[in-house]
Every structure is written in structure tokens, then in C-alpha cells.
Amino acid sequence: MSLSSAMLVGFTGIRSNSVAVDTVGDNLANLNTTAFKGQRTLFETLMYNTISEGSGPGETSGGTLPRQVGTGSTVAAIQRDYGQGAVEESGYPSDLAIDGDGFFILDVGEGERAYTRDGAFNLDSSQTLVAATNGKPVQVFAADAAGNIDTGTLTDLVIPLGTASEAIATTEVIMDGRLDAATAVASTAAVVQSEPLLTSGGSAGTTGTALTDLAAENGLPLFSTGDVLTINGTRGGVAVTESEFIVGTTGSTLGDLAAHLESALGINPDPATGGTPGVTIGDGTTAPAGTLVINSNLGEINAIELDSSSVTNTTGAVPSPFSFTTATSAVGGGGDGTTTSFKVFDSLGNAVDVRLRVAMESKSETGTTWRFFAESEGDTDLTPVLGTGTISFDANGQFVGATGTELSIDRDGVGSTTPLVFDLDFSGMTGLAGTNGESEIIMSSQDGAAAGVMTGYGVDTDGVVTASYSNDQERVLGQVALAKFANNEGLLGRSDNTFTVGPNSGDATIVAPGEAATGIIRSGHLEQSNVEVTREFVNLISAQTGISSASRVVRVADDLLQELLLLAR
């Protein structure tokens with residue numbers, strides 16, 4: 001091997017170690033680059049000049065070794081380290097980190113895709129989730145209006161913050177609580193009576209008696225056409241909504257007033273409720289002739305209470321036309337713990353108040369049965385009564401079944417779809433005894449909502465993107481898709497922290513996070529560079545030493561050549 005060859009060998013060492021310096025420099029330059037994957041330079045020897053292959057051992061000798069002179073070194077490979085970088089919290093909800101082996105997918109246009117570990121994303125002017133480095137849309141699995149994910153379709157993800165959502169009409173209300181089996185059965189209804197009402201001629205009033213024919217004890221007419229009666233009172237200790245009765249407009253007879261009272265007080269006349277609920281005119285048999293008789297539904301929770309101020313004439317000569325007394329007190333059924341109110345929503349998102357009253361109907365060794373009474377002042381027909389039904393429990397206090405659970409609220413004149421129909425679900429309730437001897441019933445949830453505005457979003461570990469609205473509703477927008485490769489090291493690095501498929505990477509397999517070892521998503525976090533500074537400085541020193549040594553070989557070879565040239569002179 002000549003001195004010129006030795007010089008060339010030195011040059012190969014300089015060249016290959018220079019690549020190593022470039023690699024270390026790139027690693028250190030990207031020390032703070034999001035999700036950067038460091039590289040290392042691997043060397044290999046160049047072809048050997050073989051002077052002799054050597055010989056095997058003989059009878060008198062041990063053989064000879066091969067004589068080969070190397071021609072230098074070259075770069076064998078630049079290998080990328082795809083090891084996991086540290087995952088650190090960023091505080092931005094749009095930042096995503098992969099805790100695993102997958103890659104985010106970006107649509108770079110013209111049907112091409114790029115892949116990245118850099119999850120620094122943001123929303124562009126169209127509220128599309130894009131990569132912060134190049135503005136390319138992040139690809140997700142599409143979701144339909146019902147929130148079902150279609151893993152066969154990739155699309156851009158639009159997160160329309162600030163946009164309004166449609167109102168959702170209630171279709172189901174889930175109730176929770178405990179109805180104490182020790183409660184007394186609702187056996188008696190409260191009965192309230194007025195004084196006998198007489199005509200100006202002294203005869204007892206009947207259903208058909210005109211209100212303007214009724215007279216007070218002093219002979220003054222109780223009512224005149226156009227008089228406005230204001231009706232108040234309580235039912236089960238809860239004030240009923242005030243209502244008005246206009247003489248001659250709302251009704252003109254004592255029977256009309258009785259019917260209005262029955263509606264206004266929320267009495268459910270359904271025979272299934274037991275007793276004789278309703279408002280009637282006494283005929284002298286069960287009650288004095290001419291009296292207004294108010295029969296409540298059974299139980300304390302339904303007991304109606306009225307006094308002389310419950311019906312007032314705001315325009316007439318007799319301001320308090322009636323004096324009511326309680327003829328029979330209610331017995332059993334439960335106390336304040338067996339009433340609850342909650343809101344449901346119509347198709348326009350209007351909140352409608354609903355009240356449930358629950359009374360013990362029967363009990364035996366096989367279990368208990370409770371009767372519920374539903375009412376709503378949002379019902380636009382003549383009465384707030386919505387319906388009645390039963391709730392049954394076995395002897396162990398476990399829910400058995402319920403009847404009459406479909407309720408309908410008329411919404412005429414409101415502009416929404418009418419009627420508003422929804423179901424009550426009592427399956428989560430129990431009939432167990434309570435420590436305080438009281439029953440409790442509440443609404444745990446319902447599926448309706450008023451119109452709202454999207455206020456934020458979140459990404460769970462499975463990559464599902466869920467929007468949140470000001471009306472406490474949520475909607476699935478899509479699911480972040482990840483790519484998996486047979487050989488990550490075969491990917492081709494591009495600018496903007498992206499990679500493309502290479503000849504030795506294999507094709508991308510598109511899956512949901514958590515599948516095929518792609519890893520999970522960490523929202524509000526970013527993966528850091530996996531470059532280790534200490535190792536890079538060691539590699540830098542090694543490369544520097546290699547270049548210095550190779551340079552020394554070149555200089556020595558050059559000096560020797562100069563000496564030879566001087567000898568020739």
C-alpha cells in the first residue's frame with residue numbers, strides 16, 4: 001500500500017467522522033424539538049486489499065495469518081432512535097402526546113399523508129384541528145350525529161367552539177331514592193267543605209245554579225258577571241299555583257266553579273287512585289246541601305288545605321265568598337320526603353316543571369306498592385294533572401315494576417312540539433327502610449336539554465374527542481386515528497417533524513389508540529425529544545478524536561511523500 005493510499009484512507013476517516021459530527025449536531029440542535037427522535041451514525045470498513053490469504057499449519061510450522069490492508073471507513077447507516085420521549089404537561093387541550101408506538105396522521109394534500117409524533121396541534125380559522133408546525137389537518141375517525149365512530153373513514157376534525165347546539169326534548173327521566181316500607185298506607189283522603197251556598201230565594205245551590213244567583217247571609221249577591229276570583233291553597237303542604245276564575249267568562253255556574261277548583265288544586269279524578277277524589281256540590285246525603293265538597297286524593301301528601309282567604313273576589317262586593325273547614329283529615333301515605341320536583345325540556349329547550357307525589361298504596365308480606373301522582377303547571381290544558389301510576393317492590397325492597405310511567409305534557413301555543421312525551425324510570429329505586437324513617441325521591445338524570453353553546457372539548461385516552469356545551473350536554477366529534485408500521489426505522493424523515501413511508505418501513509396500519517400497541521393518548525401533554533445530552537457530547541468527542549486522528553494520518557503521509565520527493569532531487 002502506497003503513501004498516497006494511506007492519505008486516501010485518512011480522508012475516508014475524516015469524511016465518515018464528519019457525518020457523525022453532523023448527526024450529533026442535528027441531535028443537539030433539536031434538543032427541545034417536540035417529539036424529536038435522535039439518530040446515531042454507524043460505520044463500516046471499506047474493501048480490504050488482500051496481499052495474502054494466509055496458510056494452514058503444516059507438519060513443521062503453525063501456518064501464516066492473512067495479510068490484508070484496509071482502505072478506510074464509510075458510513076454504514078444513520079439509525080433513528082424511536083424510543084419514547086418524556087411526556088410533559090403543557091396545559092393546552094389541543095396538545096396530544098402518544099404514550100406508545102403509534103404516529104399521528106396528517107393530510108398533506110393530493111391524497112398524500114404524513115406521519116408525526118409531534119402532537120402540538122391547534123385550531124385554524126375554520127376551527128379544524130391542524131399541526132402547529134405546518135397547518136396540515138389531523139386525521140380522525142368520523143363520528144355520526146349519534147356519536148357512533150366509523151373506523152373505516154378518515155376525515156378532518158372540526159371543533160366548532162362557540163357554536164350553538166340544538167335543544168333536546170326530554171324522552172326519559174331516571175328517578176332515584178328510597179321509599180320506606182315502614183310508611184303507613186294512604187287510607188284516608190282529606191275532605192274540605194265550604195259553608196252551604198244558597199240562592200237569593202233561599203234554596204241550596206246545585207251544579208246548575210248560576211253564580212250570580214248565589215247570595216250572602218246579608219242578602220247581597222256573592223258574585224256579579226265579570227268578578228275575578230283568585231284561587232290559592234296548599235296540597236300536601238305545597239302551595240298550588242294561583243289561578244283565576246272570571247264569572248261569566250271562565251264559567252257561569254256553581255258546577256263550572258267546582259270543575260275549575262278540581263283542576264286548579266291538581267286533584268286526579270282517576271278511579272284507580274282510590275277514594276272519591278274531586279270537587280262536588282253537597283246534596284244533603286253525604287254533605288250538607290249546597291256545600292262545595294273538595295275530596296283530595298288519598299294520603300297526607302295529597303291533602304288539600306283551604307281557608308277563608310283561599311278564594312278571594314278581587315272585584316266583587318263580597319271579597320271572601322267562601323269559608324272552608326276540614327271535615328276529614330288525611331291519614332297515611334308518607335310525608336314531605338315523598339314529593340319531588342324536577343325540570344324537563346320541550347323541543348324548543350323550554351324548561352317545564354314537573355312534580356311527583358308518592359303515597360303508600362298497599363303493603364303485604366310479598367312487598368309494597370306505591371302510587372305516584374304527576375302534575376305540571378307547564379301543561380297548557382285546563383288541569384296540571386299529568387297522570388298516575390304505581391311503583392312496586394318485593395319483600396326485600398328490590399324494584400319489581402312500575403305502571404303509568406309514560407307522561408304527556410300539552411304544549412299548545414308555546415311553539416314547541418306538542419305533546420311532550422317522556423318516560424319515568426324507577427328501576428334504580430328501592431323499598432328499603434331508612435335510618436330516619438323517611439322516604440326520599442329525586443331525579444338523578446334526564447336526557448333533555450336547553451339549547452347551549454360549545455364551551456370546550458376533551459380527548460380521552462382512546463382518542464375520542466368529546467365536545468362540551470353550556471347546557472351540560474356532550475357530543476362525540478370523532479376519534480383520533482394512529483398509524484402503526486412494521487419497521488419504524490424504515491420511515492423517511494421530512495421537515496416539520498414529519499415522516500413518510502419508506503421502502504423499508506412497511507405500509508401504515510390505521511387503528512384506534514390502544515390497538516396494535518400504538519399506545520394511548522395523553523391530552524394536554526407533549527412528548528419531548530429523546531436526545532440525551534451526555535451521550536451526544538461523548539459521541540461528539542469520539543467523532544472529534546476520529547477526525548483528528550485521521551487528519552494526522554493525512555499529514556504524516558503528506559510529510560513522507562515530501563521526504564521522498566526531496567530524495568529524488
Side-chain angles (χ1 to χ4, degrees), residues 191-235 238-269 277-284 287-296 304-327 352-353 375-385 409-415 418:
V191 179
V192 177
Q193 295 179 353
S194 71
E195 77 278 19
L197 302 174
L198 304 176
T199 66
S200 56
S203 60
T206 64
T207 301
T209 299
L211 291 171
T212 54
D213 287 343
L214 297 175
E217 291 181 355
N218 58 9
L220 290 174
L222 282 180
F223 306 105
S224 299
T225 300
D227 282 356
V228 179
L229 306 184
T230 302
I231 300 169
N232 296 288
T234 63
R235 180 178 173 211
V238 179
V240 298
T241 301
E242 184 177 280
S243 65
E244 287 187 347
F245 181 95
I246 302 175
V247 178
T249 300
T250 309
S252 58
T253 67
L254 189 56
D256 293 336
L257 179 59
H260 183 84
L261 282 171
E262 182 176 298
S263 297
L265 297 173
I267 299 173
N268 191 323
V279 180
T280 58
I281 311 300
D283 59 3
T291 57
L292 280 171
V293 182
I294 296 96
N295 283 278
S296 306
I304 292 173
E305 295 181 357
L306 301 174
D307 57 27
S308 59
S309 63
S310 296
V311 179
T312 57
N313 190 340
T314 58
T315 60
V318 182
S320 297
F322 304 118
S323 176
F324 293 102
T325 58
T326 300
V352 183
D353 290 322
E375 59 197 62
S376 174
E377 295 300 329
D379 195 27
T380 55
D381 61 15
L382 297 178
T383 174
V385 173
I409 302 179
D410 291 320
R411 301 295 288 157
D412 294 327
V414 178
T418 186

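What you see below is based on every heavy atom in this structure, not just the backbone, and it leaves out hydrogens, waters and symmetry mates. The shown structure was predicted, so the numbers you read here are calculated from the model rather than taken from an experiment. If you read the sequence from its start, that first residue is 1, and numbering goes on from there.
- Under a 3.5 Å cut-off, the side chain of S194 and the backbone N or O of F324 do not form any donor-acceptor pair.
- Distance CG/L229 to CG/L257: 6.5 Å, rounded to 0.5 Å.
- Remark: the backbone N or O of R411 is paired with a side-chain donor or acceptor of T418 at under 3.5 angstrom.
- Here the straight-line distance linking atom OG1 of T312 with atom CZ of F322 works out to 11.0 Å at 0.5 Å rounding.
- The closest donor-acceptor contact from the side chain of S263 to the backbone of H260 lies at 3.5 Å or more, if one exists at all.
- Between the side chain of N232 and the backbone N or O of E242, no donor-acceptor pair lies under 3.5 Å.
- Between T241 and P384 there is no side-chain heavy-atom pair separated by less than 4.5 Å.
- Nearest heavy atom pair, residue P288 against residue Q193, reads CD-OE1, 3.9 Å.
- In this structure, the separation between CZ on F245 and CG on D256 is 5.5 Å, given to the nearest 0.5 Å.
- With hydrogens and angles disregarded, a donor-acceptor distance shorter than 3.5 Å links the side chain of T209 to the backbone of T206.
- Shortest non-hydrogen contact noted between P277 and P269 is CG-CA, 4.0 Å.
- Across L222 and D227, no two heavy atoms sit closer than the pair O-OD2, 4.2 Å.
- Between atom CG of residue D353 and atom OG of residue S376 there is a gap of 6.5 Å, rounded to the nearest 0.5 Å.
- Panel note: side chain T212, backbone T225; no donor-acceptor pair is recorded below 3.5 Å.
- Checked by atom type and distance alone, the side chain of S252 never pairs as donor or acceptor with a backbone atom of A210 at under 3.5 Å.
- At distances below 3.5 Å, at least one donor-acceptor pair connects side-chain atoms of T380 with backbone N or O atoms of D410.
- Using a 4.5 Å heavy-atom threshold, the side chains of T291 and P196 count as touching.
- Between the CD1 atom of I304 and the CG atom of L265 there is a distance of 4.5 Å, given to the nearest 0.5 Å.
- Other residues, nucleotides and ligands contribute more than 12 heavy atoms inside 6.0 Å of the CG atom of L220.
- None of L306, I281, V192 except one satisfies the side-chain contact (heavy atoms from CB on, under 4.5 Å) rule with L292; the exception is I281.
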Please test N313 against V318 for side-chain contact (heavy atoms from CB on, under 4.5 Å), starting from the C-alpha separation and ending with a verdict.
CA-CA 7 Å; N313 190 340; V318 182; 5.6 Å; no

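- The side-chain heavy atoms of V191 and V293, taken from C-beta on, include a pair separated by under 4.5 Å.
- With hydrogens and angles ignored, the 3.5 Å screen pairs no side-chain donor or acceptor of R235 with any backbone N or O of I267.
- Taken from CD1 in I246 to OG1 in T314, the straight-line distance is 9.0 Å, to the nearest 0.5 Å.
- Under a 3.5 Å cut-off, the side chain of E262 and the backbone N or O of V279 do form a donor-acceptor pair.
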I would like to know whether L254 and L211 meet side-chain contact (heavy atoms from CB on, under 4.5 Å); could you show each step before the answer?
CA-CA 6 Å; L254 189 56; L211 291 171; 4.1 Å; yes

